[in-house]
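What follows is a short report on a single structure.
No hydrogens, no waters, no symmetry mates; every other heavy atom, side chains included, goes into these values. Quick note on labels: first sequence line is chain A, next is B, and so on, each numbered from 1.
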Amino acid sequence: MTISQLLEKKALQAIENLYGQTVDVSQIQLQSTKKEFEGDLTLVTFPLLRISKKKPEETGEELGKWLLEKTPELSSYNVIKGFLNLTVSPAYWLNELVLASNTTDFGLTKAGADSPLVMVEYSSPNTNKPLHLGHVRNNLLGYSLCRILEANGNKVVKTNIVNDRGVHICKSMLAWKKYGNGETPASSGKKGDHLVGDYYVAFNQHYLEELAELQAKGMTKEQAEAASTLMAETREMLLAWEAGDPEVRQLWETMNGWVYAGFDETYNKLGVSFDKIYYESQTYLLGKDVVLDNLEKGIFYRQEDGSVWADLTADGLDQKVLLRGDGTSVYMTQDIGTASLRFSEYPIDKMVYVVGNEQNYHFQVLSILLDKVGFAWGKDLVHFSYGMVELPEGKMKSREGTVVDADDLVDEMVGTARETSRELGKLDGLSEAEAEDIAEMVGMGALKYFILKVDPRKNMTFNPKESIDFNGNTGPFIQYTHARIKSVLRKAEEQGLSFDTKPNVAGSLSDKELFLIQLIDSFPQTVKDAAEGFSPAIIANYIYELAKEFNQFYHDYTILKESDESLRGFRLLLASTTGKVIRTGMDLLGVRVPDRM
RNA sequence: GGUCCGGUAGCUCAGCUGGAUAGAGCAACAGCCUUCUAAGCUGUGGGUCUUGAGUUCGAAUCUCAACCGGAUCACCA
């Protein structure tokens, strides 16, 4: 039982005892005390006045007195207007600290055999161009969310559905055939996904040129688009692909292979991974049967032209097409098919889709459809919706070349970390491999933290310059704090000091120390909140606060030169536990933490 | 136009199941390296929480309306 749960219970007893009335738990408002007031937890007594029928101050006094007498965990109280501030005894906090320090998981739960299985879909790239900044946000959020769900006792299957077919893929292929000279990643030295992306760009350039020529001859834009031979060739290629034309399939497999090699490299750099990868080329036909089955059951209906629809007006939405007049699938149908395949392969209890907020409507519809079709988890599937990433100059537009490439970004971040570290002399005396490892951790830490600390739902502005600034609320600041803590512990060990002798310093803890312990104590709850809110940002902001508090503490106290043995032991214990919490928290964000930097 | 999301310091963001004087960082200014890492610490200045009404003992937080910004409303994915 946590201290606030305990006090909640006690408060109920106090009210019953003092005023002879039972109240609902919702009337008990217990919150952590604001920093500028004395105390740890505050009971707001305003709502209780109609029960006590007394002034706020009087009610607070009565309750405070009763609670202090009956609760050994409390050491004092004070009343300010309708706020009863309760101080928890240092002995209690110290005990909590020792407990936290001795556990490796900080109250986080591991999944057991009967834990719910959560499948998280994230990343979902197209194989016609490299990953960009928007994908980076998706990948980091998705991966971190998986870690957080795991830490809350769920079995997690990380999945990725690769959009490896379609007109856009054919565009790259066609351009490579027409305009290329047979270059490969090996022959050109280019990363596979970049090479293919270059041909996608080339296609669009040639296409625009063709349109301009046709329009110069007097056609309207629409006429030109219809008359484009390049587009006609692309459609032809798509048909050939669908018919299984060996030559087209061969080219498709070769070029996709290049892209996958490139993606793997990028995923590696980002530190994300998947348990199961689905390919759209293998799933895009699946939804049709499900739709037809349910058409027979009368859940969907057919229009005169042969197209199949779902009527969602009862749910406040519109009609939604599921099969075209010619019997082919649309995007929604494919998602139903993929869902059905996944369900047959895994005993899914909850499905989470990490997809941008431009698809909010799509997932609203998908949820209703899956429910209608009979998937238990359909109704409460989670669309983990996140906002777009904008640049200080405005939106990213691939046509205008304002897209930030994921690989370039990663290289830039690590490069800057390397340079800055070198300038500051942080890498002196380290081997080349060690120095590079630290530069990688710090550069990636800066990028990951910068993106994850923002509420996922919000559109965010990514300022490359600012993200590379390692001051303030940044990943490197937190990493730095951890490195300092490790340094303190190393020196302590060199001097033969330890915190094993359980220190008894109950009476002499400072406010800062107590506050730090309380912060550490609230870590498991924060991780739960993050899982419930589907927000790594909650953990990011928590870790920052912890690191900041420790840094201040660090400057105010001499840890190693303390004369009092027990006090010195206690401070080492506090440092060690803080370090562990920081490491665990950063791990949940998918950020590595160096022991020295 | 319908629906959904957002609007907090010059900038980037916390805070939102209602609670005390709305917080950080960046930027600006002033200090701190004979003390365990100065990628740090301390201090100063900076706010009609978009606006207006309502609910309440109490509203950045809840409700309604307006304004601004974004997304979406395809037999595209």
Whichever of F470(A) and N463(A) has its nearest RNA chain B nucleotide further upstream toward 5': N463(A)
Length of the line joining E545(A):CD and G25(B):P, which is rounded to integer Å: 12 Å
G47(B) versus U63(B) - spacing of their P atoms, nearest Å: 29 Å
Y386(A) six-ring face occupied by R457(A) cation (under 6.0 Å, within 45°): no
Whole-angstrom distance between U35(B) and G19(B), as gauged at atom P: 46 Å
Inter-nucleotide C1' distance (U61(B), A22(B)), Å rounded: 11 Å
Length of the CZ-P vector between F363(A) and A77(B), whole Å: 14 Å
Spacing of the C1' atoms in A27(B) and G18(B) (rounded, Å): 34 Å
Base partner of G46(B), which must satisfy Watson-Crick or wobble distances under 3.5 Å: none
Mate of C32(B) where both pairing distances stay under 3.5 Å, Watson-Crick or G-U: G40(B)
5' priority, RNA chain B, between F450(A) and G472(A) [closest heavy atom]: F450(A)
Side-chain heavy atoms of F477(A) within contact of N551(A), under 4.5 Å: yes
Carboxylate-amine/guanidinium contact K320(A) D315(A), below 4.0 Å: no
R418(A) vs E436(A), salt bridge (Lys or Arg N to Asp or Glu O under 4.0 Å): CA-CA, chis, key distance, verdict: CA-CA 7 Å; R418(A) 191 186 298 119; E436(A) 195 47 39; 2.9 Å; yes
Pair partner, U72(B) [Watson-Crick or wobble, under 3.5 Å]: G2(B)
Heavy-atom donor-acceptor pair, R324(A) side chain to S329(A) backbone, under 3.5 Å: yes
Partner nucleotide, any strand, of G58(B) [Watson-Crick/G-U, under 3.5 Å]: none
Sugar-phosphate, base or nothing in reach of D455(A), heavy atoms under 4.0 Å: sugar-phosphate
Nearest-Å distance once atom P is located in both A59(B) and C49(B): 12 Å
Counterpart base for A53(B), defined by Watson-Crick or G-U wobble contacts under 3.5 Å: U63(B)
G43(B) and U51(B), which share atom name P, separated by this distance in whole Å: 31 Å
Whole-Å gap separating C1' (G1(B)) and CG (D318(A)): 13 Å
Rounded distance in Å - CG (L424(A)) to C1' (G40(B)): 11 Å
I28(A) CD1 - G19(B) P separation (whole Å): 17 Å
Whole-Å gap separating P (G40(B)) and CG (N471(A)): 4 Å
Sugar-phosphate, base or nothing in reach of T474(A), heavy atoms under 4.0 Å: nothing
U21(B) - base-pair partner by Watson-Crick or wobble geometry, distances under 3.5 Å: none
Span that lies between the C1' atom of G25(B) and that of A39(B), in whole angstrom: 14 Å
Y544(A)/E549(A) under side chain to side chain donor-acceptor pair (under 3.5 Å): CA gap, chis, key distance, verdict: CA-CA 9 Å; Y544(A) 172 59; E549(A) 285 302 325; over 6 Å; no
Paired nucleotide for A9(B) [Watson-Crick or G-U wobble; both distances under 3.5 Å]: none
